[in-house]
Amino acid sequence: MNFRFNFLSIILIGTAVMGCAQSKMEIVPQTYVAVKTSETIEIDGIAKEDAWKKAEWTNDFIDIEGDKTPTYQTRVKMLWDENYFYIFADIKEPHVWGTLKQRDTIIFYNNDFEIFIDPDGDTHNYYELEINALNTVWDLFLGKPYREINNAVLNDWNCTGLKSAVHVKGTLNNSKDTDEGWTMEMAIPFKALRMGFNQNNVPKDQFWRVNFSRVNWNFELNRGTYSRKKDHTGKFLPEYNWVWSPTGVINMHVPELWGYVYFSSKDIGQEDTFVIPNDEKVKWELYKLYRAQKAYYEIHDNWATSVDLIAKTPILIDGKTISPNLENYHLGWTISVKSPFSDKVLFIKEDGKFIEQ
């Protein structure tokens with residue numbers, strides 16, 4: 001327990017700066033339409049149901065910074081019903097191995113598959129689930145991204161009712177053969193993601209912010225046993241981070257850049273489309289200003305008091321001009337703007353929380 005606490009503390013400090021780093025490229029999040037299924041889905045790691053066969057694959061994963069093609073293919077399908085959010089991942093890997101068997105241990109010390117879910121898209125109060133080829137799960141609840149101070153990471157949160165299974169296409173932990181990879185199937189109960197006892201959080205015809213990550217390590221063998229590879233100094237070689245929707249920086253905890261999953265109520269086989277709302281594009285611009293404000297503080301040791309100090313204004317989105325306002329208070333600041341698309345007022349607070357009124 002102490003080791004886990006110390007580990008999370010180190011991550012918190014290390015990613016506080018990384019989370020505010022700006023990508024060198026313009027990030028446009030991925031989108032996916034998850035269709036509703038009436039078919040019973042057996043969670044066995046094999047997508048044998050007709051619903052899975054008809055569901056579309058996501059685009060292949062890309063390096064987290066968005067500029068490299070991974071060595072091995074990863075892709076995902078999604079479905080939903082009134083009770084569960086279903087996820088199926090196909091993970092190509094010539095050497096399938098795993099050593100961690102205790103729930104809530106640090107699963108990404110093995111090759112793993114990771115799921116990130118922010119239901120209301122405010123970048124706070126989101127969920128992370130990790131799983132390895134042994135079907136060992138680590139589930140976490142995060143009050144804020146690691147970049148924020150006074151962050152609460154609940155390592156003892158459990159996704160009650162979670163169902164998961166892994167199917168290995170080959171032989172697990174056998175260095176004498178070449179595997180095809182492994183598949184992961186998961187059913188996440190909507191009830192486990194509620195923020196209130198009576199909350200109806202089934203996202204029918206709504207979208208959630210979601211992302212997926214695959215951590216992959218170079219390995220070495222010691223008497224046929226797999227482990228993470230070390231360099232000549234004894235340090236572990238860095239991992240590869242392959243994701244569905246890139247963040248532009250080596251940090252998954254940038255929820256404003258995650259993908260969009262739209263939960264369509266149409267039956268499987270009926271075409272449905274999803275277009276990212278313009279207010280979301282306004283939101284992207286506000287987060288650019290948020291990161292610029294953080295960077296301004298690092299240089300000047302005080303907060304900017306005007307948008308003009310951190311960005312050129314006005315900002316043009318789909319032919320509409322937005323003119324954000326920066327207000328400073330004794331205990332913080334907000335960046336806000338009235339959307340020309342919905343007339344809602346959109347806010348970002350000093351702790352990164354997004355609010356709309």
Side-chain angles (χ1 to χ4, degrees), residues 32 41-53 55-64 68-79 86-116 128-139 162-188 211-231 236-246 250 252:
Y32 184 89
I41 304 297
E42 181 184 1
I43 304 303
D44 57 5
I46 304 172
K48 60 181 182 296
E49 291 84 3
D50 287 340
W52 279 132
K53 294 175 182 178
E56 297 289 334
W57 288 108
T58 61
N59 291 336
D60 288 353
F61 283 24
I62 193 169
D63 182 79
I64 192 169
K68 300 175 186 175
T69 300
T71 306
Y72 309 121
Q73 183 190 48
T74 315
R75 54 184 182 165
V76 171
K77 290 185 176 187
M78 289 169 264
L79 296 167
Y86 299 101
I87 299 166
F88 181 83
D90 182 36
I91 304 158
K92 303 298 184 186
E93 171 62 63
H95 292 275
V96 181
W97 62 278
T99 59
L100 301 174
K101 299 180 180 180
Q102 180 181 338
R103 189 186 178 99
D104 287 341
T105 192
I106 303 168
I107 297 301
F108 67 76
Y109 283 174
N110 283 175
N111 293 343
D112 78 349
F113 183 81
E114 304 178 358
I115 300 164
F116 300 83
E128 176 181 356
L129 298 96
E130 302 186 9
I131 190 168
N132 67 3
L134 289 165
N135 195 29
T136 307
V137 172
W138 184 18
D139 41 11
L162 176 72
K163 301 178 184 179
S164 67
V166 165
H167 174 70
V168 177
K169 297 181 178 180
T171 51
L172 181 67
N173 290 325
N174 185 350
S175 62
K176 296 180 180 180
D177 65 358
T178 299
D179 305 313
E180 182 181 339
W182 54 291
T183 55
M184 187 286 309
E185 189 174 23
M186 186 175 286
I188 303 173
N211 214 345
F212 305 104
S213 172
R214 173 184 175 180
V215 170
N216 212 77
W217 298 89
N218 289 313
F219 68 87
E220 58 189 13
L221 290 167
N222 181 12
R223 297 181 180 180
T225 299
Y226 290 93
S227 62
R228 293 180 291 159
K229 190 173 184 178
K230 297 179 180 179
D231 63 18
F236 290 113
L237 294 176
E239 77 280 10
Y240 298 99
N241 296 274
W242 302 328
V243 306
W244 173 48
S245 198
I250 305 175
M252 279 303 295

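Throughout, residue positions are numbered sequentially from 1 according to the sequence presented.
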**Request:** Write down the atom of Phe113, the atom of Val76, and the distance for their closest heavy-atom approach.
**Result:** CZ-CG2, 3.7 Å

**Request:** Taking Glu93 for its side chain and Trp182 for its backbone only, find out whether a donor-acceptor pair lies under 3.5 Å.
**Result:** no

**Item:** N/O donor-acceptor pair under 3.5 Å between Glu185 side chain and Asp44 backbone
**Value:** yes

**Request:** Identify whether NZ of Lys or CZ of Arg in Lys229 sits under 6.0 Å from the centre of the six-membered ring of Phe219 and within 45° of that ring's axis.
**Result:** no

**Request:** Output yes when Glu239 and Arg228 qualify as a salt bridge under the 4.0 Å nitrogen-oxygen rule, no when they do not.
**Result:** no

**Prompt:** Roughly how far, to the nearest 0.5 Å, is OG1 of Thr58 from CG of Asp60?
**Reply:** 7.0 Å

**Asked** Above 12 or not: heavy atoms from other molecules or residues under 6.0 Å from CD of Glu56?
**Response** no

**Message:** For the CG atom of Leu237 and the CG atom of Asn218, what is their distance to the nearest 0.5 Å?
**Reply:** 5.5 Å

**Request:** Looking only at non-hydrogen atoms, find the nearest pair between Met186 and Ser164 and report the distance.
**Result:** CE-CB, 4.1 Å

**Prompt:** Under 3.5 Å, side chain of Asn110 to main-chain N/O of Leu100, donor-acceptor pair present?
**Reply:** yes

**Complete:** Here the pair of heavy atoms bringing Asn174 nearest to Tyr226 is O-OH, 3.3 Å

**Request:** Taking Asn211 for its side chain and Phe116 for its backbone only, find out whether a donor-acceptor pair lies under 3.5 Å.
**Result:** no

**Item:** Pairwise distance CG(Asn132) to CD1(Ile107) - rounded to 0.5 angstrom
**Value:** 5.0 Å

**Request:** Output yes when Arg103 and Asp139 qualify as a salt bridge under the 4.0 Å nitrogen-oxygen rule, no when they do not.
**Result:** yes

**Message:** Using 0.5 Å steps for rounding, measure from the CZ atom of Phe88 to the NE2 atom of His167.
**Reply:** 8.5 Å

**Request:** Keeping the roles fixed (side chain from Lys169, backbone from Glu180), state whether a donor-acceptor pair exists under 3.5 Å.
**Result:** no

**Item:** Whether Phe212 and Trp244 hold their rings parallel, tilted or perpendicular, with breakpoints at 30° and 60°
**Value:** tilted

**Prompt:** Does Glu114 pair with Arg214 as a salt bridge, N-O distance under 4.0 Å?
**Reply:** no

